[in-house]
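Each remark here refers to the structure printed beneath this line.
Within every chain, numbering begins at 1; the chains are lettered A, B, ... in the order of the sequence lines, protein sequences first and strands thereafter. The structure displayed is predicted, hence computed values, not measured ones.
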Number of protein chains: 2
Amino acid sequence: MENRKQAILRAVVQEFTTSAVPVGSQALQTRYFVNLSSATIRSELADLADLGYLTQPHTSAGRVPTDSGYRYFVDFLMDLEPIPDRVKAYIQDEVRTAPADVEGMVERVAMTLAEVTRNASVASAPQGALARIKHVDLVSLEPKEVLLILLLEGNLLRQQVVNTTQPATQAQLTRLAARLNASIAGRASDEARRHYESAPLGLEKELLGRVIAVLDVYEKGSENLVVHDGVRNLLRQPEFAESSRVHQVLEVLEETRYLTVLLRQLIGDSDLQIVIGSENTSSRLQGCAVVLTSYGPSERLKGVLGVVGPTRMAYSQTVARLQAVARSASDRMAELGV
Amino acid sequence: MENRKQAILRAVVQEFTTSAVPVGSQALQTRYFVNLSSATIRSELADLADLGYLTQPHTSAGRVPTDSGYRYFVDFLMDLEPIPDRVKAYIQDEVRTAPADVEGMVERVAMTLAEVTRNASVASAPQGALARIKHVDLVSLEPKEVLLILLLEGNLLRQQVVNTTQPATQAQLTRLAARLNASIAGRASDEARRHYESAPLGLEKELLGRVIAVLDVYEKGSENLVVHDGVRNLLRQPEFAESSRVHQVLEVLEETRYLTVLLRQLIGDSDLQIVIGSENTSSRLQGCAVVLTSYGPSERLKGVLGVVGPTRMAYSQTVARLQAVARSASDRMAELGV
DNA sequence: TTTCAGCACTCTCGGCCGGAGAGTGCTAAC
DNA sequence: GTTAGCACTCTCCGGCCGAGAGTGCTGAAA
């Protein structure tokens with residue numbers, strides 16, 4: 001596409017992003033192209049509309065980017081917006097003061113992301129195929145009731161009440177926990193499975209069985225931690241003035257399964273993914289764009305971070321800030337040995 | 001007030017609750033009072049309006065209950081609606097299958113409450129003045145970095161990364177944990193404080209200090225767990241058609257401090273509290289009603305459960321279901337020895 | 001060939017009007 | 001105390017109109 005067409009498309013996207021009002025040839029002329037006449041701009045706009053990048057709400061309204069228009073913009077025209085120091089500092093600060101466990105971290109990251117992008121955010125916890133067990137602990141609740149505490153990588157605590165077939169005192173449990181730690185702590189989950197296979201019948205095997213059950217749930221991702229935040233930011237946008245639109249988006253966000261699917265799509269894909277309007281698999285995200293990236297403390301452990309907003313979002317700002325948050329969170333997680 | 005006036009007020013509230021449309025004398029006559037003429041009903045309606053219980057959006061519209069009207073209704077006219085078996089079973093089921101720790105429990109309870117009342121819900125974790133420590137565990141992360149794991153009443157796990165002044169091996173930490181458990185596990189938090197005072201300088205005192213810090217945060221309630229759910233239910237109501245109304249409510253719900261205040265108000269008060277429209281301290285809850293009750297495993301440990309919806313809510317149903325959820329949750333928590 | 005001034009045209013938006021409909025309050029009779 | 005009847009008020013909705021914004025087209029200038 002000729003340079004001038006590109007420039008005009010870029011200008012339309014930028015203008016519409018901030019004003020939320022269809023942009024006309026006159027506005028473009030006075031604000032972006034003073035040495036062009038509005039008539040010339042009009043003919044370029046008509047061309048861009050023919051190419052499918054722009055559309056008009058009605059015959060005599062200004063132009064609005066189509067989904068393809070946004071697509072062209074993010075693919076070819078967008079340059080990352082520098083992040084103000086204030087915002088950088090804010091991100092650093094929020095991430096550094098986050099709790100040291102994955103759950104707290106993910107929640108904080110989602111909150112921060114929503115705050116700095118002024119949109120809704122989603123975040124899934126970094127997760128790998130084989131979980132590592134850092135520590136096991138057993139607490140006696142009743143003679144035949146044991147609380148199993150499992151510390152996984154990411155300082156992720158998991159607990160489960162286990163009703164055992166035989167009674168055990170706390171002292172016995174403490175000894176047993178020590179034995180379990182010696183054999184499986186610091187190892188990947190398959191170690192626990194191996195020990196389970198070879199263990200003789202008894203309390204130890206019983207508890208190992210439950211350890212494996214917890215690991216299974218965790219590794220299968222059926223309990224994959226996915227949080228979202230910042231829906232309030234969407235309410236400010238004119239696109240979401242009637243709350244039925246919000247309702248649809250909220251449904252998607254609360255439907256954890258859908259988000260998990262988004263996650264799986266991304267893993268293995270390029271590291272930044274932008275899904276615009278009708279490109280979304282869910283029709284409830286019509287008019288919405290989703291910007292996704294992966295993050296995590298290592299290559300093995302990856303989660304997804306995403307921003308959800310109207311297609312009329314400030315893509316260059318969103319992408320820059322999303323990546324900044326992802327970088328901060330990844331660094332911090334690596335630092336914590338998560 | 002005469003019986004007939006009461007009956008008419010009740011009918012107006014009931015009718016408006018379901019239809020969301022101002023109710024006129026004719027509708028009342030055909031649906032509730034076939035042997036009265038609409039003229040008679042009109043004069044009663046006029047009286048009720050004079051008394052401040054009803055109002056009209058405009059001269060020739062039907063009547064709508066005022067906040068005082070709702071107040072009179074819930075104070076004198078409401079009788080609890082029986083809960084269908086299906087709903088009862090649902091509540092039981094959700095609560096029974098909830099995680100065995102307080103956090104998971106509270107989240108599940110909020111979800112269930114939102115679901116069965118078709119409104120937004122809030123829940124705070126049961127909390128008492130003196131926390132009990134069930135178990136302490138120490139995990140070595142780095143030579144001079146320890147993960148302190150604290151199991152409090154309610155199977156509430158708290159963790160904190162502690163940077164110690166002196167290095168310690170996992171074996172040393174395990175021994176130390178055993179000693180700490182012997183001295184403070186199963187006791188109230190003041191025991192930990194006493195031990196801290198009398199402990200000689202060293203790793204043990206250092207870690208006890210952190211234990212106390214964690215307890216402090218917990219007991220001060222500055223980290224009091226408050227969750228909310230079901231905002232999507234509000235979006236269905238005509239009162240929240242323009243999303244700016246939702247925005248205000250969301251602000252309140254996300255403002256944990258405000259909810260904590262609500263909680264404190266309720267503690268020591270009667271066991272059911274209904275706050276209607278302008279009775280709310282926050283003007284952002286104009287047009288909203290909040291129904292609150294306390295719950296918890298014991299007299300000492302109490303949290304708050306609440307429903308937030310438009311003032312035009314089905315109070316009798318809401319109250320009945322709220323109490324049912326509170327009862328189920330309390331029972332389950334007591335059963336788990338939370 | 002590109003640019004541009006001029007102009008007719010189209011469409012929305014806001015205000016205004018008027019009729020239909022809903023619901024009221026009042027009055028006079030039972 | 002109750003009720004039929006009636007005038008009155010107000011909203012809602014559709015149609016109408018003028019202002020304004022913005023377009024597409026055309027013919028001339030560069």
Side-chain angles (χ1 to χ4, degrees), chain A residues 1-9 11-16 18-66 69 238-239 241-242 312, chain B residues 1-9 11-16 18-66 69 238-239 241-242 312:
Chain A
M1 206 195 302
E2 310 103 78
N3 275 344
R4 197 174 65 184
K5 271 203 180 46
Q6 291 192 338
I8 288 181
L9 177 54
V12 172
V13 170
Q14 262 170 37
E15 193 61 19
F16 186 62
T18 57
S19 71
V21 162
V23 11
S25 55
Q26 192 129 186
L28 286 174
Q29 200 240 327
T30 58
R31 237 167 297 180
Y32 294 82
F33 304 98
V34 266
N35 16 353
L36 281 184
S37 79
S38 66
T40 309
I41 295 175
R42 267 204 295 286
S43 91
E44 293 283 36
L45 288 177
D47 288 356
L48 284 166
D50 286 345
L51 291 168
Y53 296 133
L54 297 179
T55 185
Q56 322 177 254
H58 55 86
T59 330
S60 86
R63 295 313 209 289
V64 167
T66 60
E239 280 85 347
E242 341 92 73
R312 178 189 63 76
Chain B
M1 205 195 305
E2 310 102 80
N3 275 343
R4 197 173 65 182
K5 271 201 181 45
Q6 292 192 338
I8 288 181
L9 178 54
V12 172
V13 170
Q14 262 169 37
E15 192 61 19
F16 186 62
T18 56
S19 71
V21 162
V23 11
S25 55
Q26 192 129 182
L28 286 174
Q29 199 240 329
T30 57
R31 237 166 299 178
Y32 294 82
F33 304 99
V34 265
N35 15 351
L36 280 184
S37 80
S38 65
T40 309
I41 295 174
R42 268 203 296 284
S43 90
E44 293 283 36
L45 288 177
D47 287 355
L48 285 166
D50 286 345
L51 291 168
Y53 296 134
L54 297 178
T55 185
Q56 323 177 253
H58 55 86
T59 331
S60 84
R63 296 310 208 289
V64 168
T66 60
E239 279 86 348
E242 342 91 74
R312 178 189 62 76

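- Counting only distance, with no hydrogens or angles, the side chain of B/T66 and the backbone of B/G52 share a donor-acceptor pair below 3.5 Å.
- In this structure, the CG atom of A/D47 is 10 Å from the P atom of D/dG24, given to the nearest Å.
- Protein atom CD of B/E15 is 11 Å distant from nucleotide atom P of C/dG23, rounded to whole Å.
- Taking both residues in full, the closest heavy atoms of A/G62 and A/P57 are given as O-CD, 3.5 Å, listed atom of the first, atom of the second, then distance.
- Backbone-only contact: B/S25 has heavy atoms under 4.0 Å from sugar-phosphate atoms and none from a base.
- A/I41 places its CD1 atom 11 Å from the P atom of C/dT3, with the value rounded to the nearest Å.
- Residue A/S60 places a side-chain atom within donor-acceptor reach of the base of C/dC11, judged by atom type and a 3.5 Å distance cut-off alone.
- By the neighbour-count criterion of 12 heavy atoms within 6.0 Å, atom CD of A/E242 is densely surrounded, having more than that number from other residues, nucleotides or ligands.
- Side-chain proximity of B/A39 to the nucleotides C/dT24, D/dA4, C/dC11 is greatest for D/dA4.
- Atom CG in B/L54 sits about 11 Å away from atom P in C/dG25, given to the nearest Å.
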Applying side chain to side chain contact (heavy atoms under 4.5 Å, CB included) to A/V12 and A/L45, what does each step give before you reach the verdict? CA-CA 9 Å; A/V12 172; A/L45 288 177; 4.0 Å; yes
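- Residue-to-nucleotide proximity on DNA chain D shows that, of B/P57 and B/S43, the 5′-proximal contact is made by B/S43.
- Among the nucleotides C/dG25, D/dT3, D/dC10, the one closest to the side chain of B/Q56 is C/dG25.
- Residue B/H58 places its side chain closer to D/dC10 than to any other of C/dC4, C/dG25, D/dC10.
- When the nucleotides D/dT11, C/dC7, C/dG25 are ranked by their closest atom to the side chain of B/R42, C/dG25 comes out on top.
- Atom pair B/F33:CZ and D/dT3:P shows a separation of 13 Å (rounding to whole Å applied).
- Here B/R63 reaches the OP1 or OP2 of C/dG25: one of its side-chain N or O atoms lies under 4.0 Å away.
- Put simply, CG on A/N35 is 12 Å from P on C/dA5, counting in whole angstrom units.
- The side chain of A/A46 lies closest to D/dG24 when the candidates are D/dT3, D/dG24, C/dT3.
- Heavy atoms from other residues, nucleotides or ligands lying under 6.0 Å from CG of B/D50 number more than 12.
- In this structure, B/E44 atom CD and C/dT24 atom P are separated by 13 Å, rounded to whole Å.
- Checking the phosphate oxygens (OP1, OP2) of D/dT3, a side-chain nitrogen or oxygen of B/S37 falls inside 4.0 Å.
- Among the nucleotides C/dT24, D/dT3, D/dT9, the one closest to the side chain of B/T40 is D/dT3.
- The distance between atom CD of B/Q26 and atom C1' of C/dT24, rounded to the nearest whole Å, is 12 Å.
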